[in-house]
> 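For reference, the structure I am asking about is given below.
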Amino acid sequence: MLTGANVVLPTGTVENGRLSIDGPRITAEVSPNAHVTDLTGHYVVPGFIDIHNHGGGGASFTSGTADDVVTGIHTHRLHGTTTLVASTVTGDMDFLAQRAGLLSELAEQGDIAGIHFEGPFISPCRKGAHSEELLRDPDPAAVRKLIDAARGQAKMVTLATELPGGIDSVRLLAEHGVIAAIGHTDATYEQTVEAIDAGATVATHLFNAMPPLGHRAPGPIAALLEDERITVELINDGTHLHPAALQLAFHHAGAARVAFITDAMDAAGFGDGTYMLGPLEVEVSEGVARLVEGGSIAGSTLTLDRAFRRAVTVDRLPVADVVTALSANPAKLLGLYDTVGSLEPGKYADLVVLDADFALKGVMRRGEWVVDPQLG
């Protein structure tokens with residue numbers, strides 16, 4: 001039994017609330033023998049869900065061993081991410097298929113919620129921290145190869161849908177229940193609308209790796225913001241987005257269509273230094289990751305507890321909206337909202353405890369403390 005906290009529910013925040021947990025799940029029943037944890041002065045929010053994450057704790061989801069991947073998963077759990085989709089970066093097709101096999105085993109074990117393929121089907125004009133030599137057009141047969149290699153665990157594929165085969169690949173993904181995400185794209189407004197009509201439902205890290213918003217050539221940003229079918233990913237680390245851009249996205253898309261992500265790489269939760277992102281060398285300095293060659297931003301070192309705190313204290317967003325963007329929306333995208341994404345009876349007891357200043361103090365996953373708030 002957790003008592004005394006401000007408990008953020010889908011219906012609103014309950015002050016001096018009470019949350020009952022039995023085994024791995026939240027329950028409506030109150031056991032007279034329950035162990036009571038007093039969380040007076042704190043917030044209890046649903047566990048965070050990250051749909052775009054490349055690693056952490058010094059470990060890469062793209063190139064590390066299974067043990068390395070588990071290290072990265074645990075690093076993000078310590079920061080409140082109780083559900084995570086492992087993202088790859090551009091690589092050789094055979095190598096990506098091999099990675100899909102390894103990651104799918106971890107998904108089948110419940111360690112991750114699936115796989116996100118970011119590349120190689122992206123535009124060389126907007127490649128960001130992806131190896132241009134390994135990029136390729138989104139041929140549906142190649143896209144299908146990765147889906148099949150993931151053994152039902154492919155959750156999302158990022159595509160530059162204006163490239164040859166892009167629209168057909170979007171349709172293929174939609175038919176197989178895989179999210180088609182528009183990103184690393186040089187598409188026009190009209191081309192983006194066509195991709196949405198074909199079944200694309202996510203904007204990969206909106207604003208980043210796509211043409212800027214223009215008043216005569218609005219490009220993909222306007223199309224993605226205005227369409228109710230699109231959920232927009234935002235990296236709220238203070239580096240990827242100016243606060244005004246974040247406010248613009250929230251104003252036009254609304255909290256119900258925003259998913260905060262980390263786009264984290266190995267250095268998240270680990271520190272500055274030199275890392276590899278796929279085949280490319282990355283230098284992390286003062287928490288900002290950039291390619292050694294060219295200087296492009298190369299993912300982030302963000303964790304979702306920091307994204308939450310910044311959203312509330314710097315961006316001044318309502319707590320309920322931030323919870324929606326960090327938990328409910330990604331859960332719904334992944335088709336997991338019946339088990340995670342909010343604090344309701346019957347769902348898993350995945351939750352985060354924050355103090356009055358929104359600093360992380362506790363993390364529970366499946367009813368067990370990953371970070372115990374009583375241990376400091």
Side-chain angles (χ1 to χ4, degrees), residues 50-64 68-69 71-72 75-76 85-93 95-96 99 115-138 156-160 163 181-187 203-212 219-221 233-242 245 260-303 306-307:
D50 196 352
I51 61 172
H52 188 155
N53 187 315
H54 298 279
S60 168
F61 298 154
T62 295
S63 58
D68 290 334
V69 176
T71 294
T75 296
H76 285 281
V85 174
S87 302
T88 62
V89 297
T90 293
D92 174 84
M93 286 294 295
F95 175 76
L96 289 175
R99 292 304 298 174
I115 306 165
H116 164 217
F117 296 101
E118 187 182 20
F121 312 114
I122 61 175
S123 172
C125 301
R126 305 287 174 178
K127 65 182 184 296
H130 291 255
S131 173
E132 185 167 353
E133 293 76 17
L134 296 172
L135 300 182
R136 57 183 297 160
D137 290 339
M156 185 161 65
V157 177
T158 292
L159 307 160
L163 296 176
I182 300 172
H184 287 275
T185 176
D186 204 41
T204 294
H205 44 52
L206 188 73
F207 299 107
N208 297 114
M210 59 183 62
I221 293 172
E233 295 181 348
L234 298 176
I235 308 171
N236 193 25
D237 61 353
T239 298
H240 281 80
L241 296 175
H242 189 283
F260 280 134
I261 61 164
T262 60
D263 194 14
M265 46 79 72
D266 312 19
F270 200 66
D272 290 355
T274 302
Y275 299 84
M276 298 300 295
L277 187 60
L280 303 178
E281 190 174 15
V282 176
E283 183 69 29
V284 179
S285 178
E286 297 182 355
V288 178
R290 294 186 180 275
L291 291 182
V292 171
E293 185 175 341
S296 292
I297 294 176
S300 85
T301 61
L302 185 63
T303 51
R306 287 167 46 210

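Side chains included, hydrogens not; waters and symmetry mates left out as well; all remaining heavy atoms used.
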> Hey, does the side chain of T62 reach the backbone of V89 with a donor-acceptor pair shorter than 3.5 angstrom?
yes

> Side chains of H76 and D50: do they bring a donor and an acceptor to under 3.5 Å?
no

> Is there side-chain contact between M276 and S63, with at least one heavy-atom pair below 4.5 Å?
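Side-chain contact under 4.5 Å: no.
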
> Please report the C-alpha distance between E281 and T274 in whole Å, then the side-chain angles of each, then the deciding distance to 0.1 Å, and finally whether the side chain to side chain contact (heavy atoms under 4.5 Å, CB included) criterion is met.
CA-CA 7 Å; E281 190 174 15; T274 302; 3.1 Å; yes

> Distance from M210 atom CE to C125 atom SG, nearest 0.5 Å?
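Spacing of CE (M210) from SG (C125) equals 14.0 Å.
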
> Could you measure the distance from the CG atom of D92 to the CZ atom of R99? Nearest 0.5 Å is fine.
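One finds 13.5 Å between CG of D92 and CZ of R99.
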
> Nearest 0.5 Å please: distance from the CG atom of D263 over to the OG1 atom of T204.
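If I round to the nearest 0.5 Å, the distance is 9.0 Å.
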
> Which heavy atom of A289 sits nearest to which heavy atom of M265, and what is that distance?
CB-SD, 4.1 Å

> With rounding to the nearest 0.5 angstrom, report the CG to OG distance, D266 to S60.
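Those atoms lie 4.5 Å apart.
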
> Any donor and acceptor pair, going by atom type alone, linking the side chain of R136 with main-chain N or O of P120 inside 3.5 Å?
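Side chain of R136 to backbone of P120, a donor-acceptor pair under 3.5 Å: no, none is there.
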
> Under a 4.5 Å cut-off applied to non-hydrogen side-chain atoms, are V85 and H52 in contact?
no

> Which atom pair, heavy atoms only, marks the closest approach of P211 to D186?
CG-OD1, 3.5 Å

> Below 6.0 angstrom between ring centroids: does that apply to H184 and H130?
yes

> Find out whether T75 and F270 are in side-chain contact, i.e. whether some heavy atom of one side chain is under 4.5 Å from a heavy atom of the other.
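Answer no - side chains too far apart.
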
> Just how far is it from atom NE2 of H240 to atom CG of L234, taken to the nearest 0.5 Å?
11.5 Å

> For P279 versus L134, what's the shortest heavy-atom pair and its separation?
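Distance-wise, the nearest heavy atoms are CG-CD1, 4.2 Å.
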
> Could you tell me the separation between the CD1 atom of I122 and the NZ atom of K127, rounded to the nearest 0.5 Å?
9.0 Å

> Quick check: closest heavy atoms across T185 and P220, and the distance to 0.1 Å?
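Scanning both residues completely, I find the closest heavy atoms to be CG2-CG, 4.3 Å.
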
> Tell me if a side-chain donor or acceptor on S296 pairs with a main-chain N or O of A129 at a distance below 3.5 Å.
no

> Which atoms form the tightest heavy-atom contact between V282 and L291, and what is the distance?
CG2-CD2, 3.9 Å

> Is there a side-chain contact between I261 and H205 (heavy atoms, below 4.5 Å)?
yes

> Testing E233, H116, E118 one by one against T158 for a side chain to side chain donor-acceptor pair (under 3.5 Å), which residue passes?
H116

> Taking R290 for the side chain and S285 for the main chain, is one N or O donor matched with an acceptor at less than 3.5 Å?
no

> State, with a plain yes or no, whether a side-chain heavy atom of N53 is found less than 4.5 Å away from one of F61.
yes

> Would you mind telling me which of T301, V288, L302 makes a side-chain contact (heavy atoms from CB on, under 4.5 Å) with T239?
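The option that passes is V288.
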
> Would you say that N236 contacts L241 through its side chain, given a criterion of any heavy-atom pair below 4.5 Å between the two side chains?
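Heavy-atom side-chain distance check fails, nothing below 4.5 Å.
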
> Can you check whether F121's main-chain N or O pairs, donor with acceptor, with D137's side chain at less than 3.5 Å?
no

> If every non-hydrogen atom of R126 is compared with every non-hydrogen atom of A209, which pair is closest and at what distance?
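Smallest interatomic distance, heavy atoms only, reads CB-O, 3.5 Å.
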
